[in-house]
Amino acid sequence: MTVQADRMAAATGGAPGPTSVTVVMASHNRVATTVSCLRALAASAERCRQLSWDVVLVDASSTDGTAETVEALGLPVQVLSVPAATFWARAMRVGMEAAVRSDPDLVIWLNDDVRLHESALGSLLDEWRAGVQALLVGSTCDEVGTGATYGGLRRASRWRPLTFDLVPPPRETPVEVETMNGNFVAIPRVVRRRVGLPREVYRHGMADIDYGLRVRRSGFRVLLLPGFVGNCSRNPVSGTWSDPDLGRLRRLALLRGPKGLPFVPWLYFCLRWGGPLGPAIAVKPYLRAMTARGLRRHRGARLG
């Protein structure tokens, strides 16, 4: 079905009256970044007509005053404290569990290092109110405002089923993608009721890509919104398991850690989405980590 056909099927579109939106965020010890994100979110929300919004911020026991500073902003933010070892995927699951209790029209995932443009929420709501019932993804760009950093993803090829390329945002009309980074993602009620929460097996990474693939398998589309919704710099390779300058043992330790590809969730992901190549893909990053020559950057989401 085309985007235009989705719009014609507005019988399942937004309910009359204000659109209710709950934004789910995770934070840990970067209070200035988190506050900047919330202020940009509020500025974008102020430009929207007929919008009722709030935020569930899942804070991983920050020691830099994040919870107190956020509460002092006077914004509609509920802060949920979780253990310090709660990484992104688990935090977003906790946040979604809280968000869906009020059954909002849209649940939005928002990374706290994204600085939304003032037009971001308005553009999103225009698309959703037109009757498009799909997972809606926003692209982010670097600080210069030109290069895409996160957003919609497509598989590189059938022979590399878990290597995803970043899709440039379209200019005017949303385009279909296979899955996404979780930096800015809007989940309509009908989608989340069928797909549910992020899977508990994931602690940090993979949960967003897995969720997008689950959405498609459930019969919905993943649509990439036109233009950029905000600024968000790419995470550096330095200091990660993909850093060729680190020693072999250090790379392996980082690969097995929560911010790498810990083997049990990684194996689950590979067997679920890697097809017949899944078992071989599961082993590949561990072999790559053994030699610096096997490491390279991939602009998108090279998982295996």
Side-chain angles (χ1 to χ4, degrees), residues 1-7 9-10 12-15 19-26 53 56 88-89 92-93 95-97 99-100 103-111 114 116 120-140 148-155 162 164-170 173-199 202 205-230 232 269 272-273 300-301:
M1 183 181 288
T2 65
V3 173
Q4 287 77 11
D6 276 338
R7 287 171 171 166
T12 57
T19 301
S20 56
V21 169
T22 297
V23 179
V24 178
M25 296 171 52
W53 68 281
V56 175
W88 182 83
M92 297 303 284
R93 180 181 170 90
M96 275 196 73
E97 286 178 332
V100 299
D103 198 28
D105 295 315
L106 295 170
V107 170
I108 295 177
W109 294 356
L110 178 63
N111 272 21
V114 174
L116 287 178
L121 288 182
S123 298
L124 166 68
L125 293 176
D126 286 346
E127 202 60 50
W128 180 77
R129 287 167 176 165
V132 175
Q133 292 296 303
L135 197 74
L136 298 170
V137 180
S139 299
T140 60
T149 53
Y150 297 99
L153 303 172
R154 289 194 184 117
R155 283 186 173 93
L162 297 185
F164 297 90
D165 290 325
L166 189 63
V167 179
T173 304
V175 297
E176 189 167 359
V177 294
E178 289 187 83
T179 185
M180 76 289 168
N181 303 124
N183 299 57
F184 182 89
V185 179
I187 311 171
R189 180 187 293 113
V190 65
V191 175
R192 71 171 184 269
R193 283 181 176 176
R194 186 177 302 179
V195 180
L197 304 173
R199 294 193 183 279
Y202 304 114
M206 296 176 278
D208 47 358
I209 295 175
D210 177 86
Y211 199 87
L213 295 172
R214 288 168 60 199
V215 167
R216 283 174 53 86
R217 182 167 286 184
S218 297
F220 296 102
R221 295 191 303 153
V222 181
L223 293 179
L224 183 62
L225 297 168
F228 293 113
V229 299
C232 182
F269 183 86
R272 184 170 182 83
W273 303 113

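For the pair Cys232 and Asn183, the tightest heavy-atom approach, listed with the atom from each and the gap, is SG-ND2, 3.6 Å. The two residues Arg194 and Ser218 come nearest to each other via the heavy atoms NH1-O, 2.9 Å. For Met180 against Val185, the heavy-atom pair with the smallest separation is CG-CG2, 3.8 Å. Across all their heavy atoms, Gly152 and Leu224 have their closest contact at N-CD1, 3.5 Å.
A salt bridge is absent between Arg129 and Asp105: the closest approach of a Lys/Arg side-chain nitrogen to an acidic carboxylate oxygen does not fall below 4.0 angstrom. Arg154 and Asp165 are not joined by a salt bridge, as no carboxylate oxygen comes within less than 4.0 angstrom of a charged side-chain nitrogen.
Looking only at distances, a side-chain donor or acceptor of Asn181 sits under 3.5 Å from a matching main-chain atom of Gly151. Of the possible donor and acceptor atoms, one in the side chain of Thr149 sits under 3.5 Å from a partner among the backbone N and O of Thr140. Within the 3.5 Å criterion, the main-chain N or O of Asp210 finds no donor-acceptor partner in the side chain of Arg199. Here the side chain of Ser20 pairs no donor or acceptor atom with the backbone of Pro104 at under 3.5 angstrom. Although no hydrogens or angles enter the test, the distance criterion places no donor-acceptor pair under 3.5 Å between the side chain of Tyr211 and the main chain of Thr179. Side-chain N or O atoms of Arg93 include none that pairs as donor or acceptor with a backbone N or O of Leu197 at under 3.5 Å.
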Exercise. Determine, stepwise, if the pair Trp109 / Met96 fulfils side chain to side chain contact (heavy atoms under 4.5 Å, CB included).
Key: CA-CA 9 Å; Trp109 294 356; Met96 275 196 73; 3.3 Å; yes
Quiz item: Could you walk me through whether Arg221 and Glu178 pass the salt bridge (charged side-chain N to carboxylate O under 4.0 Å, His left out) check?
Solution: CA-CA 8 Å; Arg221 295 191 303 153; Glu178 289 187 83; over 6 Å; no
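You'll find the side chain of Arg189 stays beyond 4.5 Å of the side chain of Leu106, heavy atoms only. Side-chain contact between Val191 and Arg214 is absent, with no heavy-atom pair separated by less than 4.5 Å. Side-chain contact between Leu116 and Leu110 is present, with heavy atoms from C-beta onward closer than 4.5 Å. Inter-residue side-chain proximity for Phe184 and Leu124 is flagged as met; some heavy-atom pair is nearer than 4.5 Å.
Ring centers of Tyr202 and Trp88: at least 6.0 Å apart, outside the cut-off.
The distance from the CG atom of Leu135 to the CD atom of Glu176 is 11.5 Å, given to the nearest 0.5 Å. Here the CG atom belonging to Leu162 is positioned 8.5 Å from the CD1 atom belonging to Ile209, to the nearest 0.5 angstrom. Asp126 CG to Leu225 CG: the interatomic distance, rounded to the nearest 0.5 Å, is 10.5 Å. Expressed to the nearest 0.5 Å, how far CD1 of Ile108 lies from CD1 of Ile187 amounts to 9.5 Å. Leu223 CG to Trp128 CH2: the interatomic distance, rounded to the nearest 0.5 Å, is 14.5 Å. Put simply, CZ on Phe164 and CZ on Arg155 are 4.5 Å apart, with the number rounded to the nearest 0.5 Å.
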